[in-house]
Every structure is written in structure tokens, then in C-alpha cells.
Amino acid sequence: MIELSEQSIKVVRNGDGVTVTGHGRVVQINHIDVNVVTRLLTSDDLTLEEKNLLNRIMKELFPSKVWNEYKRSPYELGDKVLLVSNVCNQCLALHNPVCNLPRYPVPNWIMQRDYNNNMVLTLDSYGLNSLSVLSTISHVKCCPTEVVPFTDWYGERTIDETLMDLDLITRMLHKYHFYFDVLWTIEAYFLHGTKRFYGISKSDVIEKFLIYVLTQFYNYDGFFLGLSRKTAYLQYLNASDLVMEQGPLPQMIDCSSYPLVIALGMDDKLQSATFEELPSSLIHVRLTINNQYYHSISDSISQGIVDIYHKCGEDDRQEKKRIGTLDKLWQYHDGFTRKYNFCIIRGE
């Protein structure tokens with residue numbers, strides 16, 4: 001229990017979060033009830049997670065004071081082991097859904113050392129292979145580090161093949177191949193099977209691949225992701241009410257101007273092709289193929305055709321969800337967004 005009179009701590013409700021002030025410093029905690037924070041500061045009966053949260057708050061308020069560190073426990077993932085304290089076990093599980101094999105024992109001398117940070121180590125048959133500081137452990141489904149209004153989608157990011165070497169990719173992938181035949185294609189051999197991804201450019205197909213990996217393997221389903229803010233926004237639009245409507249759009253697409261249609265073998269099945277221009281130079285494409293409507297909102301007609309080609313290959317099995325209005329979007333941050341620099345958004 002913290003002596004509030006001695007530390008001069010004040011707890012104030014602030015929207016859906018809490019502001020804690022003390023020692024001339026301010027700590028904002030989002031998505032938490034004021035009664036929960038008050039209990040952390042006044043109760044002697046706290047769980048380990050609650051003690052760790054209290055410890056983080058007090059470190060922010062009183063950085064010069066030495067607070068108790070809780071013993072770092074091993075979180076074993078086969079040949080990778082996380083030495084952690086002051087973290088949420090659910091966030092650990094959400095961000096580490098796969099345990100590699102084989103499993104190697106952790107050397108005793110590693111466990112006997114004191115560490116100033118959470119650590120990640122990899123092991124092999126000879127012992128320790130690498131040891132480094134572990135980045136922030138938090139997941140948007142459990143403990144987002146920040147939730148802010150999503151006000152615009154401008155801003156670009158360099159996307160190249162070096163992203164395929166990220167550890168979050170190599171853990172899930174046996175191997176992959178790039179090749180170009182009408183479109184850039186990645187043929188990826190995952191732990192559960194093979195899947196192909198298509199894009200107009202190499203950067204486009206890499207981004208689609210990474211979004212799939214994050215969504216399917218790292219528990220970001222229900223959110224809309226992109227390596228750029230624009231891609232995350234387009235993901236959101238393509239799940240919105242805008243693509244639930246049926247029937248042709250106002251303008252016809254002259255397919256003779258888009259050789260992709262023939263090159264991809266869509267011309268024999270295509271019954272109609274229409275589009276409309278949306279604000280911010282976006283394009284809504286709607287194709288009728290085998291008596292079924294397919295939609296895409298993107299930044300060009302060609303990109304929309306490629307997106308629909310990919311959906312046709314999957315029989316468009318993903319269920320559309322009506323997600324409401326487009327004017328109340330939030331951008332989420334967690335440990336992975338900080339480490340890998342991607343964007344997560346979701347509506348209310």
C-alpha cells in the first residue's frame with residue numbers, strides 16, 4: 001500500500017481513463033476505472049499483475065526513487081525464452097502464439113543474473129545463442145499503450161523485401177518465393193499450408209502478405225491493419241457498409257483499357273464492370289462475375305481489379321461485417337506497432 005499523504009498522489013477521472021498526478025509529474029492511463037487505480041494505491045491485497053501495474057505508475061511519478069522489481073520469470077517458447085516481470089501474461093500469449101521446437105534448457109547462470117530490462121534469449125544445442133532487450137509487451141486486445149483519434153491517412157512508408165526477414169515472419173514461415181507473371185506474387189509456405197498473395201508492385205504484395213500474417217497469427221482479427229496509415233484506412237473501408245450495396249455503380253469501366261482483365265483470365269466470367277469516385281481520390285470498383293458482385297475500394301481501378309481477382313481466388317469466403325459510420329475511427333498502439341511500425345485502426 002502507498003501512503004498517499006506522504007507521496008501527495010491525486011487520482012482524477014479523465015474521460016474513459018484516469019490521470020494520476022504527484023511529485024510534479026502526470027501519468028495518463030487509458031481505459032481504466034478510477035476505482036481500480038485507487039485500489040492499487042490503497043490496498044495491500046494485490047495480484048502480481050496489479051503489483052506490476054502499480055510499480056509502473058510509481059516509476060513514472062517518482063523516477064528517482066528505487067521501487068521493488070519483481071523476479072523475472074522465464075516464458076519458454078522452445079528455442080526462444082523471454083525473461084520477464086511487470087508484464088501481462090495474456091499479452092505475452094497473444095503476441096507469442098507459437099512455440100518453436102526443439103526445446104533447450106535455460107542455463108542456470110542466466111537465471112541467476114539480475115537484469116534491468118525484460119530480456120529475450122535464443123538457445124541452441126551449445127547453450128546461449130543470443131541475448132537482447134525485449135521490447136514493450138502489450139497487445140491491443142488486452143493492454144493497448146495508446147488509443148488516439150484517427151484523423152487522416154496521409155504519410156508513406158518504405159516497403160521492401162527486408163521486411164520478409166522480420167522475426168515475426170520467420171517464426172511462421174517455412175519458405176517463400178517471389179515471382180512475376182502478370183502480377184507480383186508471393187507463394188508462402190506456412191506451418192498450416194501454402195497461400196498465394198498478389199500485387200501490382202512488389203511493395204504492394206509484401207504489404208498484403210504482412211497484413212495477413214499479423215491478422216491470422218498474432219491475434220489482430222477485428223482490427224484493420226496496414227504498414228501505412230492509408231492501407232489501414234482502405235482495409236477499414238473495404239469492410240464497411242459502402243461495399244454492402246448491390247447493383248452497378250455510376251460509371252462504366254472500359255475493360256479494353258485494362259489488359260489486366262484479359263491477362264488474369266477474368267474476361268470470360270466478367271458480366272459487368274463499374275466504378276465510382278470517392279472523396280480523397282479513392283476509387284470504388286464493382287465487378288459482376290458469375291452472377292456475384294465483388295467490390296474493392298482502392299486508389300486506382302487497376303488496384304481494384306487485382307484486389308477482386310484475389311477475392312475470386314478465395315471465393316470471397318470472408319464474411320462482411322457492417323461496421324457503421326466512417327467518422328469515428330481510432331488508432332491503436334501496442335508493443336508490436338512500436339517495434340514494427342505499422343498502423344492499427346478500428347471504429348467505435
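Sequential numbering from 1 along the given sequence is applied to the chain's residues.
- Formation of a donor-acceptor pair under 3.5 Å by the N129 side chain with backbone atoms of T122 is not found in this model.
- E187 and H177 form no side-chain donor-acceptor contact under 3.5 Å, judged by distance and modelled atom types alone.
- Judged by distance alone, the side chain of Q235 and the main-chain N or O of F224 form no donor-acceptor pair under 3.5 Å.
- Under 3.5 Å, the side chains of D307 and Q303 contain a donor-acceptor pair of N or O atoms.
- Screening V36, N14, V20, V11 for a side-chain contact (heavy atoms from CB on, under 4.5 Å) involving I29 leaves a single residue, V20.
- Judged by distance alone, the side chain of Q292 and the main-chain N or O of L287 form no donor-acceptor pair under 3.5 Å.
- Each of V213, L225, L94 was checked for a side-chain contact (heavy atoms from CB on, under 4.5 Å) with Y218, and the lone residue meeting it is V213.
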Under 3.5 Å donor-acceptor pairs involving side-chain atoms of residues 253-262, not counting sequence neighbours:
unit_1: D254; atom_1: OD1; unit_2: S256; atom_2: N; d: 3.2
unit_1: D254; atom_1: OD1; unit_2: S256; atom_2: OG; d: 2.6
unit_1: D254; atom_1: OD2; unit_2: S256; atom_2: OG; d: 3.1
unit_1: D254; atom_1: OD2; unit_2: S257; atom_2: OG; d: 3.4

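- Side-chain contact annotation: Y198 with D181, donor-acceptor N/O pair under 3.5 Å absent.
- Although no hydrogens or angles enter the test, the distance criterion places a donor-acceptor pair under 3.5 Å between the side chain of T337 and the main chain of D334.
- Taking the ring pair (Phe, Tyr, Trp, His ring centres under 6.0 Å) definition, one finds that H174 meets it with nothing, sequence neighbours left out.
- No donor-acceptor distance shorter than 3.5 angstrom exists from the side chain of T231 to the backbone of L227, with no hydrogens or angles considered.
- Classification of the Y233-Y236 ring pair by plane angle, with boundaries at 30° and 60°, yields parallel.
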Original post:
Hey, mind stepping through V98 and M172 against side chain to side chain contact (heavy atoms under 4.5 Å, CB included) and telling me if it holds?
Top reply: CA-CA 8 Å; V98 171; M172 302 298 175; 3.3 Å; yes
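- Figure legend: cation-pi geometry between K195 and F197, with NZ or CZ positioned under 6.0 Å from the six-membered ring centre and within 45° of its axis.
- The aromatic ring centres of F190 and F217 sit less than 6.0 Å apart.
- Here side chain to side chain donor-acceptor pair (under 3.5 Å) pairs that include residues 133-142, with residues two or more places apart or in two chains, are K141-D221.
- Between Y220 and F336, the two ring planes are tilted [angle within 30° to 60°].
- Of the N and O atoms on the side chains of R229 and Q331, at least one donor lies less than 3.5 Å from an acceptor on the other residue.
- No side-chain donor-acceptor contact under 3.5 Å links S280 to the backbone of L282.
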